[in-house]
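Note on naming: letters A, B, ... go to the chains in the order of the sequence lines (proteins, then strands), and numbering restarts at 1 for each one.
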Amino acid sequence: MTPPVVEMSGVGRVFAGPPRVEAVRDVDLTISQGEYLSIIGPSGSGKSTLLHLLGLLDRPSHGVYRLDGVDVSTLSERRRTRVRGERIGFVFQAFHLLPHRSVLENVELSMIYLRVPRRERTARAVATLERVGLGHRLDFDPITLSGGERQRVAIARALVAQPSLLLADEPTGNLDSGNAASVLALFDELHAEGLTLAVITHDDGVSGRAQRRVRIVDGVMADVEAEVVA
Amino acid sequence: MRRPRLPRRRAGGRQRLTRGGHRMRLRDLLGEALAGVAARPSRLALTTLGTVLGIAALVATIGLGQTAAGQITERFDQVAATRVTVAPGETDGPDGEVALTQLPWDAPERMKRLAGVASAGTFATVDVAGDPVRGVPYGTQEQTVPVAAASAGLFEALGARLSGGRFFDEGHDERGDAVVVLGRYAADRLGINRVDSQPSIFIGDRAFTVIGILDAVDYRTELQDSVIMPMTTARELYGLEAPEVLEVRTDLGAAQLIGRQAPIAIDPNNPDLLDVNAPPAPGSLRDNVSADVNGLFLALGGLALLVGGLGIANVTLLSVLERVSEIGLRRAVGAGRSHVAGQFLIESGIVGFLGGLIGSTVGVLATVGVSVVRDWTPLLDIRLALVAPLLGGLIGLAAGAYPAWRASAIEPIAALRSG
């Protein structure tokens, strides 16, 4: 049996300060293969810290984090960077696309640091962009695209490295409702195809699309399956 | 409509978290750096300006220095740089007495055995004890014409040309024949302008056959005023004691060597007693001339390069601060600190290299342009034009070191939080 994609037990993150801040306390979180999870919470609740821990951008102060069954909580920064590139796909609220580089180059960027050969990079980037419905925008500069298209480029960039986990941080925060809906529909499709997703948001409309919701308040996590909105 | 399913990660790789090595291909790193530089063309142009000016100043200074030195060499090398003269000197002996030396009669033969000697000959003024020199047939016009003696090789060593007749040769010299060659002005004064009628001149009561008239000599222009007879003739008739000076013409570039060897070949027992006059090494003269001129321009070029390097460092640092989110994103998709540092380092290296390339071109054009205006032959070490862009690249790399370090220290969390 395959291990869960994410398995956190007793994970905490303390910022030494001053003032000393316990941003995340004793989190136990399991995300199974193919699960669609949303993490909700008000700002300052520790959401972002949890995202950084999940995305290997930060290291827990204590506790154990297993990614694909392997303990990554004690990896050196160099190895953490490598695992992050290969196993985690990020989608940000601000897209973070490189200006003056084509849509195709932006998507290929995810594979450059993984030593994927050039020819394969291009083929995979084109296939993934077609998958997210942007096959006609390959040579465009991202600054000429609409917000929804930009976020779909970012999603393609996250998908193209075939990550174990897609981490989205307020993915619809900068989008109007129409574009937000199309991005969320894309997430639904990806989930249906077997992708493991974790979406961090404060928007109930967004979190409602997930299979399972967890809430984080003052660094403490609780499942909110009981109060699922229809 | 069903969309194609995304390819899924193969099941076998679960226990190994990472695939293969982590070293990014250099070509990809170069590609990213080039794209980073090319994304801001107007900024690139401004950034390279300092390096362009600095490298152009350096290349033009060195190029014009070489060109000017080339003109000096071209004019003087052929003649001056091949002339060595040896004269007897005097030295203070151990007891306050003055040691004297004489040039041997066979000094030209001794010199000719040295490799690098093209021709050699001796010269002396002859004391004719007040005997008048007269042209023939009528002795009415007495002239005070100096009389000189030469060995057969002297004419060639001085680069002498004749307007008519011939030089005397070693045969004339050995036999002590009563023949003379007239200097151009001496011939005028004696009223002799052709030699095909075998004219004679008289020194006192002795008759000499004129066999040649000089047209020009490279040095010792006093010969043009003289009546020149073979050494042996002067020795036998007028008691000449020794040659006064030895003239040597060397092969190009051998002058310094011959200058050192000549005294030993001529007087192995007392080489120090001979005065040798050899031209300075071609390098030393030229370097002295150009060093003064170049020093200032090189300093200015160096200053421009320093300013150019600081400019690159400044703009790269600005660029790092501006591209914080790009750095964060690269870190998020798997770029290590070294990748980020490497990219900014290469970007500033490229900027420096481009500046060097343009500057080198400008410098070469300036050298050629000035040469055309001054009617010089442009002379430039081609290696300089090739090394200059590399120097620009090195400056760029050095300038990029600090910004690259700053970029590598940026935490991805902080970089991605914005927005």
Side-chain angles (χ1 to χ4, degrees), chain A residues 2-3 48-49 52 55-58 67-70 72 75 77-79 81-90 92-101 105 109-115 117-118 121 124 127-128 130-131 133 157-159 161-164 169 173-174 189-190 193-195, chain B residues 1-32 35-41 322-340 342-343 408 411-419:
Chain A
T2 50
S48 293
T49 306
H52 296 149
L56 298 176
L57 292 168
D58 198 3
L67 181 66
D68 287 335
V70 176
V72 292
L75 291 182
E77 177 176 317
R78 186 183 273 273
R79 291 215 57 203
T81 300
R82 198 196 308 191
V83 174
R84 177 167 67 228
E86 295 186 353
R87 302 262 155 170
I88 311 280
F90 289 94
F92 304 98
Q93 178 177 3
F95 321 134
H96 290 306
L97 299 175
L98 301 188
H100 311 299
R101 307 290 299 274
E105 285 175 321
L109 188 70
S110 296
M111 293 176 283
I112 279 182
Y113 298 102
L114 306 180
R115 299 199 75 189
R118 180 175 294 265
R121 281 206 302 258
R124 277 166 64 176
T128 312
E130 281 168 356
R131 168 65 191 86
R157 181 182 62 197
L159 289 177
Q162 301 175 6
S164 304
D169 183 12
N174 282 3
E189 289 171 24
L190 295 171
E193 288 167 16
L195 186 69
Chain B
M1 179 186 108
R2 274 199 65 81
R3 294 178 187 277
R5 292 180 67 85
L6 277 179
R8 292 299 304 153
R9 175 184 296 284
R10 63 193 186 284
R14 282 291 153 188
Q15 286 312 306
R16 258 177 77 240
L17 263 172
T18 54
R19 292 160 286 194
H22 191 44
R23 300 253 325 263
M24 187 185 180
R25 277 149 212 230
L26 188 63
R27 213 181 112 193
D28 289 333
L29 195 59
L30 270 173
E32 288 300 303
V37 170
R40 295 156 189 85
E322 217 178 61
R323 290 158 69 188
V324 160
S325 81
E326 176 190 329
I327 294 165
L329 177 83
R330 288 181 185 276
R331 296 297 312 275
V333 296
R337 289 187 192 280
S338 57
H339 293 136
V340 172
Q343 179 174 346
S408 74
E411 289 292 337
I413 298 175
L416 294 168
R417 190 171 290 153
S418 60

Check side-chain contact (heavy atoms from CB on, under 4.5 Å) between B:Val324 and all other residues, then give those that pass, not counting sequence neighbours.
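side-chain contact (heavy atoms from CB on, under 4.5 Å) list for B:Val324, sorted by chain: B:Ile410, B:Ala415.
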For A:Phe92 and A:Phe90, take the angle between the two ring planes, folded into 0 to 90°, and tell me which bin it lands in: parallel under 30, tilted 30 to 60, perpendicular over 60.
parallel
Region of [X] in contact with chain B, defined by heavy-atom distances below 4.5 Å:
X        : answer
A:Leu57  : both
A:Arg101 : side chain
A:Glu77  : side chain

Lys/Arg-Asp/Glu bridge criterion (N-O < 4.0 Å) met for A:Arg118, B:Asp28
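Salt bridge between A:Arg118 and B:Asp28, a charged N being under 4.0 Å from a carboxylate O: yes.
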In terms of heavy-atom pairs under 4.5 Å, which option from B:Glu326, B:Arg337, B:Arg330 contacts chain A the most?
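Heavy-atom pairs under 4.5 Å are most numerous for B:Arg330.
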Nearest heavy-atom pair of A:Leu97 and A:Arg157: which atoms, and what distance?
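Taking A:Leu97 first and A:Arg157 second, the nearest heavy atoms are CD2-NH1, 3.5 Å.
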Only one of A:Leu67, A:Val70, A:Val72 forms a side-chain contact (heavy atoms from CB on, under 4.5 Å) with A:Arg87, so which one is it?
A:Leu67
Closest-packed option against chain B by number of heavy-atom pairs under 4.5 Å, given A:Leu56, A:Asp169, A:Leu109
A:Leu109
